[in-house]
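Throughout, protein chains are lettered first and strands after them, A, B, ... in sequence-line order, and every chain is numbered starting at 1.
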Amino acid sequence: MSEAATVDTANTTTAVDIRGVSKIFGAGSDAFTALDDVSVAIRENEFFTLLGPSGCGKTTLLRLIAGFEHATRGTVLLYGEDISDQPPYERPVNTVFQSYALFPHLTVAQNVSFGLEMLGREKSEIREAVDRMLKLVRMEPMRNRRTEQISGGQQQRVALARALAPRPKVLLLDEPLSALDLKLRKEMQGELKRLQHETGITFIFVTHDQEEALTMSDRVAVMNEGRILQVGSPREIYDRPGDRFVASFIGEMNFLVSKIESVESDRVRVVFPGGAAAFAERPKDFEPAGEVTLAVRPEYVRIENAGTPDTLPATVTEKVYFGTDTHYHLRLHDGAELVSRLQNARGREDTHPVGDRVGVRWATGSAQILKG
Amino acid sequence: MAEPAAQARRGRRFSVKNLPGVTGMAMLCFVLLYAPIVTLVTYSFNAGESIALWEGFSWRWYAAAWENDTVQEAAVRSFVVALFASAISTTLATMAALGTTRTGPFPGRTAIYVLINQPLMVPEIVTAVALLIFFASIKVATGYSGLAYLIAAHSAFCVPFAYLPIRARLEGMDPTLELAAADLYASDWMAFSRVTLPLLTPGIVAGAMLAFVISLDDVVITEFVKSAGQDTLPTYMLGQLRRAISPEVNAISTALLAITVVLLTAFFLLSRKRRVDGE
């Protein structure tokens with residue numbers, strides 16, 4: 001733990017610093033607040049993901065960093081330098097667009113060399129960089145093709161090579177995988193991680209796909225309605241969601257209304273409306289009191305035989321088969337519903353049929369009291 | 001088994017071809033459109049002096065037109081005017097198209113569309129009379145009576161013809177491409193010259209060709225604006241028709257027709273390529 005903390009502090013150079021940024025489109029009664037006082041620091045060399053539903057402001061934030069939009073309030077710093085008023089062509093930041101936006105009148109190689117040419121680099125340097133980039137994304141054999149003559153996945157690679165060729169300080173990726181089919185998307189996820197590793201460039205990745213965010217990112221910022229709700233590693237975001245939106249947007253979550261009965265040193269005891277009691281982890285950043293929401297992931301909910309000590313009595317109302325696992329829909333005696341997810345195994349098909357009375361429990365550490 | 005017949009009836013989709021008389025009417029329209037042109041072209045090869053009595057095949061009227069100094073002068077004048085007019089109007093139209101598609105919405109944009117397309121809506125004879133009066137006072141004031149008046153007038157009424165294909169091309173272009181250029185360190189001018197302009201070229205060429213053909217064919221405005229001795233091919237032909245009609249006019253018409261058809265075919269092919277590109 002202490003070792004991890006050391007590594008963490010060693011690499012805290014901030015690449016992009018967003019400070020109090022608001023973006024309001026339109027004016028008067030038509031005004032729309034796309035970003036509402038957003039502050040976040042993105043570290044050098046990390047794979048940082050902006051995750052949220054459509055319209056949450058994640059793409060607007062990306063466009064502000066690229067320079068396609070300008071903040072109504074606040075500043076954008078790149079390695080300490082205020083770039084808020086710089087046009088896109090002066091910012092050492094490149095973008096991979098959702099539609100790729102490859103130049104249709106140029107070949108694959110000409111697309112990749114475009115940025116370096118605009119920077120006025122030497123011809124020999126450009127040639128070398130283009131060769132290196134095409135090799136990096138495995139598109140060398142296609143260098144003289146027109147961009148409409150190559151497949152979607154290949155266009156994606158060219159777009160990556162084009163944006164990486166000028167060696168930007170930060171690479172911005174605007175839902176770059178959303179146009180690909182599932183298999184190709186999985187492949188490109190790995191490819192992106194590899195590219196980030198090999199180039200050592202800070203990646204800022206925008207997606208609405210929580211799985212993409214969890215599997216690829218070093219850190220994730222969850223956004224909703226123009227605000228950043230939580231920033232953390234995928235594990236922190238998943239295991240310790242900061243609020244109800246984050247908890248429900250990422251993965252599945254059971255929410256149970258309950259009342260705080262007592263607060264101990266590292267756990268709290270809650271009582272459900274039906275009178276049953278259970279334990280949850282004690283929150284670190286606030287003091288819980290009164291009526292609260294207890295959150296527990298379906299995979300942490302265990303089903304025991306009815307009457308097992310320290311379990312909540314419940315009834316199985318529905319079973320849904322998902323191949324790798326089965327979802328048991330359960331109803332507590334006070335009417336509250338929750339889901340338990342159990343991994344399937346041969347010979348366990350008939351346990352707990354619908355209508356069965358069971359006992360439900362979870363480890364104290366896997367249940368969490370939500371703020372507010 | 002009545003089933004196949006029933007199926008056939010159900011399967012037959014509505015088609016105007018099935019309405020009585022539609023096919024015949026269409027044929028008649030084509031005959032009315034093309035019979036006069038076919039006659040015109042045919043008699044341009046007549047060996048005799050008549051435009052209604054066939055006396056055998058000959059190139060004599062083409063030769064006569066070719067050797068006629070007045071025709072030569074008019075032809076050169078037509079081409080000079082059309083070249084200048086298409087160049088000027090295409091430049092203006094390109095700027096207008098950029099101004100109306102590459103800026104945010106601004107008050108009065110619709111009014112600007114209307115103003116740009118004015119020559120398509122105002123009757124040509126009205127424009128012609130207006131130009132006649134306007135230029136007459138300038139001629140008096142400056143003493144200049146050269147080709148510039150014709151070029152200016154043609155440039156003006158060719159703008160909307162050049163504007164439409166260029167604007168269509170700009171609107172079909174993905175605006176993200178220009179963002180991508182800016183993102184890759186291209187200044188506004190470099191983004192325009194390296195990305196927008198190359199992608200716009202087919203539209204500009206199509207617009208220029210359309211403007212050229214429109215200028216080449218114009219009679220009404222030219223007739224009103226031209227100074228003495230400034231006949232273009234169409235106004236020369238109009239003048240000839242007032243006297244004795246000879247197949248020489250047919251020959252000139254056929255040549256003009258050939259040029260127009262070639263240019264319009266090229267325009268059509270370029271427009272079609274645009275649609276393929278857009279996908």
Side-chain angles (χ1 to χ4, degrees), chain A residues 25-26 30 59 62-63 65-69 86-107 110-121 126 133 146-148 155 158-168 170-176 179, chain B residues 90 94 97-98 101-110 165-208 266 269-279:
Chain A
F25 289 106
D30 292 333
T59 294
L62 200 76
R63 290 169 66 91
I65 301 170
F68 305 144
E69 306 282 357
Q86 283 181 5
Y89 52 85
E90 283 176 8
R91 301 185 183 199
V93 160
N94 291 136
T95 308
V96 176
F97 294 88
Q98 187 168 10
S99 61
Y100 313 144
L102 297 178
F103 303 126
H105 59 301
L106 302 178
T107 63
Q110 286 168 334
N111 264 280
V112 177
S113 68
F114 190 90
L116 292 163
E117 279 173 44
M118 292 298 118
L119 286 170
R121 296 287 162 76
I126 294 175
M133 282 303 142
R146 291 253 159 188
T147 55
E148 68 254 39
Q155 289 183 13
V158 176
L160 274 164
R162 184 179 71 172
L164 285 169
R167 289 209 60 81
V170 175
L171 185 75
L172 308 173
L173 302 109
D174 185 9
E175 307 218 18
Chain B
T90 308
T94 306
L98 286 167
T101 58
R102 286 300 183 271
T103 51
F106 53 88
R109 195 160 69 165
T110 317
I166 296 171
R167 188 184 135 195
R169 175 96 194 168
L170 270 173
E171 282 181 340
M173 204 185 289
D174 179 4
T176 320
L177 293 175
E178 283 153 3
L179 278 189
D183 188 63
L184 292 161
Y185 313 105
S187 61
D188 291 349
W189 168 250
M190 285 308 270
F192 175 74
S193 63
R194 295 289 298 271
V195 174
T196 315
L197 197 58
L199 291 171
L200 192 55
T201 303
I204 293 176
V205 173
L269 290 176
L270 274 172
S271 311
R272 200 172 56 170
K273 186 169 183 301
R274 175 178 70 218
R275 253 171 279 137
V276 174
D277 275 357
E279 279 168 7

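- Contacts between B:A181 and chain A at a heavy-atom distance below 4.5 Å involve backbone atoms as well as side-chain atoms.
- Minimum heavy-atom separation, A:A101 to B:A180: O-CB, 3.9 Å.
- Contacts of A:R146 with chain B are absent, with no heavy-atom separation under 4.5 Å from either backbone or side chain.
- Proximity of B:L179 to A:P88: side-chain heavy atoms (C-beta onward) are nowhere separated by under 4.5 Å.
- When A:V93, A:L106, A:L116 are compared by the number of non-hydrogen pairs under 4.5 Å with chain B, A:V93 comes out ahead.
- Within the structure, every pair that satisfies the salt bridge (charged side-chain N to carboxylate O under 4.0 Å, His left out) test and touches residues 176-199 of chain B, not counting sequence neighbours, is listed here: A:E117-B:R194, B:R102-B:E178.
- A:T95 touches chain B through backbone and side chain together, each having a heavy atom under 4.5 Å away.
- Counting heavy-atom pairs closer than 4.5 Å to chain B, the top residue among A:G67, A:G115, A:A163, A:S99 is A:G115.
- Annotation for A:P166 and B:Y185: closest pair CB-CE1, 3.5 Å, computed over non-hydrogen atoms.
- By the ring pair (Phe, Tyr, Trp, His ring centres under 6.0 Å) test, A:F114 pairs with A:F103, sequence neighbours left out.
- Contact annotation for A:R91: only backbone heavy atoms (N, CA, C, O) come within less than 4.5 Å of a heavy atom of chain B.
- In this structure, B:D174 CG and A:Y100 OH are separated by 13.0 Å, a value rounded to the nearest 0.5 Å.
- With a threshold of 4.5 angstrom between heavy atoms, A:L172 does not approach chain B through any atom at all.
- Considering CG of B:L197 and NE2 of A:H105, their distance stands at 9.5 Å, rounded to 0.5 Å.
- When each of A:P168, A:A165, A:P92 is checked for heavy-atom pairs under 4.5 Å with chain B, A:P92 comes out on top.
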